[in-house]
Amino acid sequence: MIWIECAAVLIVSIIATIALTPLAKHIAKAADAIDYPDKRRVNTKPIPRMGGIAIFGGMVCGCLVIWVGGAAFGWTDPFRSGNDMNVNLPILAAGIIFMFGVGIVDDIVGLKAPIKFVGQIVSAAICASSGLLLSDMQNPFQDGGFIEFGWLAYPITIFYLVAFANVINLIDGLDGLASGISAISAGTIFVFASFAGRFGSALMAVAIVGSCIGFMKSNHHPASIFMGDSGSLLLGLSLGIVSLFAVARSTLFISLLVPIMAAGVPITDTAVAIIRRSRAHQRVDQPDRGHIHHRLLSAGFSQRDTVLIMCLWTLALAICAIMLAESEGIWRVFAIVGAGAITAYAIGKLHLLEPVLRHHYAPRRKPAKRGGSAHEESQSRRLDQGPRNQVSGNTNPRSSNGRARKR
């Protein structure tokens, strides 16, 4: 790979995103796509939320650099005929634009969850119809053999892309959090794709990294603009697409875990949220304050510290993912055990499953015997109810500036 190509795509994506951010703010204000302060948010002033416009523009400009460089200078160009997956790129672009459109509409009018979910499925289906499919994987029990998914490749790919879109969407709860995690995840895919010789995928990942970095200039705490669903859904889908380009027909079965581990933090947050809400007999899409960043804020960390902790966690998982793909033998075991240990420690330390395992964190006390003192009964009741008060997830007053989850 010629590193000047990567540098050009990165710089142009950053500059374009920064330049388009004021336009995104203006459009958001004109459309009243604003996050107004309320009891569910922690921002103390109205903030526009259509930063996805700037992110989309930065990614498009980065892709234009790749296309122009391929035509004028003979650079690696995944957008011209001859891509090794025979993907219909105009159809793929249509699917990405459709997802971006779903996010724009949601930012403006606030789509109901079922309607938004249908829009995500339609977008992913368009992308799958382009030929970008997780159609097979290496057979771990047969050297050089592949397991073909057949018609199941379509629902598997749609599920994969919708899942990626939603994990980024759900983690978008603090200033700079979704853009930081997306940048690290895309950077991980870039490293893996470069080692695997998938230079087209690597260049597309660089465009995502540049857009995220450019957007963070206005999105870090205290943010002057939020990416909204137009940005989070776009980034999630783009990460899913680039990862499919990077791992398709890989000679390593284990490579399929690289993009999943790179996005391990939002995936963990989403999985725990689904378990938590299901056990509480709530709708899966019902918002609550039990997410990872809420727990860190409740523990007294500032917004900046919370974002830093979650990004470092993501970076640690990304290093484990690259080690897993590029090493052999005992080092792969270390990578898997390390990633699992880091995640398990965070889940336990933050009590993310506390509503599910409440009996473990706060065993129910036996009722006081008849005639027991009022003090004993009061003490028992207080011990039983203490952890329940923690589950409410009230944020620390010191962390009142910034953005809470819109969904």
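All values below come from the heavy atoms of this structure, side chains included, with hydrogens, waters and symmetry mates left out.
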Check: ring pair (Phe, Tyr, Trp, His ring centres under 6.0 Å) with Tyr160: which residues, sequence neighbours excluded?
Finding: Phe164

Notebook entry, point to check: How many angstroms lie between SG in Cys63 and CG in Leu89, if you round to the nearest 0.5 Å?
Noted result: 10.0 Å

Check: Could you state the interatomic distance from CD1 (Ile189) to CZ (Arg198), rounded to the nearest 0.5 Å?
Finding: 13.0 Å

Notebook entry, point to check: Pro48 and Ile34: which non-hydrogen atoms are nearest, and at how many Å?
Noted result: CA-CD1, 3.7 Å

Next item on the list: Kindly say whether Gly240 contributes a backbone atom to a donor-acceptor pair with the side chain of Ser243 at under 3.5 angstrom?
Entry: yes

Checklist line | Phe56 and Phe100 aromatic ring geometry - parallel, tilted or perpendicular at 30°/60° bounds | finding: parallel

Checklist line | Asp35 and Phe226, any side-chain heavy atoms less than 4.5 Å apart | finding: yes

Check: Less than 4.5 Å apart, any side-chain heavy atom of Met310 and any of Leu296?
Finding: yes

Next item on the list: Give, for atom CG of Asn219 and atom CD1 of Ile213, the distance between the pair rounded to the nearest 0.5 Å.
Entry: 13.5 Å

Item checked: Side chain to side chain, Val191 and Phe195, heavy atoms closer than 4.5 Å -> yes

Checklist line | Min side-chain heavy-atom separation Arg304-Pro222 under 4.5 Å | finding: yes

Checklist line | Short side-chain to backbone donor-acceptor contact, Ser185 and Ala262, under 3.5 Å | finding: yes

Margin query: Between Asp106 (side chain only) and Ser230 (backbone N and O only), is there a donor and an acceptor less than 3.5 Å apart?
Written below: no

Checklist line | Thr157 vs Leu132, side-chain contact (heavy atoms from CB on, under 4.5 Å): CA-CA, chis, key distance, verdict | finding: CA-CA 8 Å; Thr157 302; Leu132 181 68; 5.7 Å; no

Would you mind writing out the side-chain donor-acceptor pairs for residues 20-31 within the sub-3.5 Å range, not counting sequence neighbours?
{"from": "Thr21", "atom 1": "OG1", "to": "Thr17", "atom 2": "O", "distance (Å)": "2.7"}
{"from": "Lys25", "atom 1": "NZ", "to": "Ser224", "atom 2": "OG", "distance (Å)": "2.9"}

Check: Given side chains that start at C-beta, do those of Ile171 and Val167 come closer than 4.5 Å, heavy atoms only?
Finding: no

Next item on the list: Verify side-chain contact (heavy atoms from CB on, under 4.5 Å) between His221 and Leu174, making sure each step is shown before the conclusion.
Entry: CA-CA 8 Å; His221 183 70; Leu174 293 178; over 6 Å; no

Notebook entry, point to check: Roughly how far, to the nearest 0.5 Å, is OG1 of Thr270 from CD1 of Ile168?
Noted result: 8.5 Å

Checklist line | Minimum heavy-atom distance between Ser123 and Gly95, given as atom pair plus value | finding: OG-O, 2.7 Å

Notebook entry, point to check: Donor-acceptor pair, Asn166 side chain versus Val162 backbone, under 3.5 Å?
Noted result: yes

Check: In Å and rounded to the nearest 0.5 Å, what is the CD1 to CG distance from Ile319 to Leu324?
Finding: 13.5 Å

Check: Does Ile121 CD1 have over 12 foreign heavy atoms under 6.0 Å away?
Finding: yes

Margin query: If you define the side chain from C-beta out and look only at heavy atoms, does anything of Leu237 sit under 4.5 Å from Leu233?
Written below: no

Margin query: Please give me the minimum heavy-atom distance between Met204 and Ile66, naming the atom from each residue.
Written below: N-CD1, 4.2 Å

Checklist line | Heavy-atom closest pair, residues Ala205 and Ala186 | finding: CB-O, 3.5 Å

Check: Side chains of Cys311 and Ile184: does their closest heavy-atom pair fall under 4.5 Å?
Finding: yes

Check: Looking only at heavy atoms, which two atoms of Phe215 and Ser179 are closest? And how far apart?
Finding: CD2-CB, 4.4 Å

Note to self: Keeping Asp107 on the side-chain end and Ala33 on the backbone end, is there a donor-acceptor pair under 3.5 Å?
What the structure shows: no

Notebook entry, point to check: Does a side-chain heavy-atom distance below 4.5 Å link Asp229 with Lys116?
Noted result: yes

Checklist line | Donor-acceptor contact below 3.5 Å, side chain Asp175 vs main chain Ala223 | finding: yes

Next item on the list: Using ring pair (Phe, Tyr, Trp, His ring centres under 6.0 Å) as the criterion, list what pairs up with Phe73, not counting sequence neighbours.
Entry: Trp75

Notebook entry, point to check: Nearest heavy-atom pair of Ala193 and Ala202: which atoms, and what distance?
Noted result: CB-N, 3.8 Å

Notebook entry, point to check: Around atom CZ of Phe117, are there more than 12 heavy atoms of other residues, nucleotides or ligands at under 6.0 Å?
Noted result: no

Next item on the list: Report the C-alpha separation of Ile322 and Thr188 in whole Å, then their side-chain angles, then the decisive distance to 0.1 Å, and conclude whether the side-chain contact (heavy atoms from CB on, under 4.5 Å) test is met.
Entry: CA-CA 7 Å; Ile322 296 300; Thr188 306; 3.8 Å; yes

Notebook entry, point to check: Once you round to the nearest 0.5 Å, how far does CD1 of Ile181 lie from SG of Cys212?
Noted result: 10.5 Å

Next item on the list: Check the pair Ile53, Ile104 against side-chain contact (heavy atoms from CB on, under 4.5 Å), reporting the backbone distance first and the verdict last.
Entry: CA-CA 8 Å; Ile53 294 174; Ile104 287 287; 3.8 Å; yes

